[in-house]
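Okay, so here's the structure we're looking at.
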Amino acid sequence: MISPILSVARDGSAPGVPSLVEALESGSVLVFHDEDFPFNDFEKRFVERPFADGKAKNVNIRGKEASLRGAAGTPEEQEALRQLLIRYKAFAQGLIDRHLPAYTGKITLAGTSYRPFEVDQRKLSWRRDDTRLHVDAFPSNPIGEKRILRIFRNINPNGQPRLWRVGEDFGSMAEKFLPRLPGYSPSSARLLAALRITKARRSEYDHLMLHLHDALKQDIEYQQKGPQADVQFAPGQTWVTFSDLVMHGAMGGRYMLEQTAYLPVTSQADPERSPQRILAKKLGRKLR
Ligand SMILES: [Fe+2]
């Protein structure tokens, strides 16, 4: 079995794996130690205090115009933060091109976020509590036959690591939780889309992933006693993982950059390793 946390050497090699893509698609978190992403003097303020309006969890840029949302600061500071996020997006693309060239031209970069706040330890609703182990699924944004790849970087200036937990492999988890999930209804999926509660029709896959996300977070016994490991990501480290496949919980740390990317299942080196195909196999039929 490939280790869930895989340290990548400067030359792009990793111990015991034939290729980084294979490790990633099998559920590894790839950790890069030597990727430079320097801040200029003006930008250092962004890791000294949060430049966020506090209404949303994160500050992000979206869309072609890369418009900035959720930021605080003077117009000059907000523009500098926007430029920093644009640069991080280019950094993420460069990392994919160099280390995961099989995905170049196939992957689409989506939102880029700046996460200046301490991981939320307040008693949020269980559904929003990301300290609980989960796989990522987006309630209003069905992704269908795409994968969610995320590129994170710890930019903490005081040596504070980002703390994660990672869980067991997706297939073993699905085996336990699939029997508990409610059935899929194509007519309610159509209704949600007609009411614009979802941006597109929620597929059976999206339905299953949302309910897996919820069932995992609601199961306190599994959260405490299920197979899991603690992981630390030091400042300056960049880590890459399929967050729809790798069960994770964010346990602590502040100041991080994150890039979300989408990859069609059919563009994987091995589509059979996708959560889409794993779930279909467990159910013994195609997903609707
Ligand atoms: Fe997550």
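Values below: every heavy atom of this structure, side chains too, minus hydrogens, waters and symmetry copies. As the structure lists them, so they are numbered: ligands from 1, and atoms in each ligand from 1.
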Which N/O/S atom belongs to D136 and is the closest one to the Fe ion (ligand 1)?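 This residue's closest N, O or S atom turns out to be OD1.
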Which atom name would you report as the N, O or S atom of H248 nearest the Fe ion (ligand 1)? NE2
Minimal non-hydrogen separation, Y114 against L257, with atom names: CA-CD2, 4.0 Å
Does any part of the side chain of P275, heavy atoms only, come nearer than 4.5 Å to the side chain of R147, both counted from C-beta?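 In contact.
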Please determine if R87 forms a cation-pi arrangement with F91, meaning its NZ or CZ atom is less than 6.0 Å from the six-membered ring centre and no more than 45° off the ring axis. no
Looking only at side chains, do S185 and S187 share a donor and an acceptor under 3.5 Å apart?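 Looking only at side-chain atoms, S187 and S185 do form a donor-acceptor pair, the distance falling under 3.5 Å.
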Looking at the Fe ion (ligand 1), is one of the N, O or S atoms of D130 less than 2.8 Å from it? no
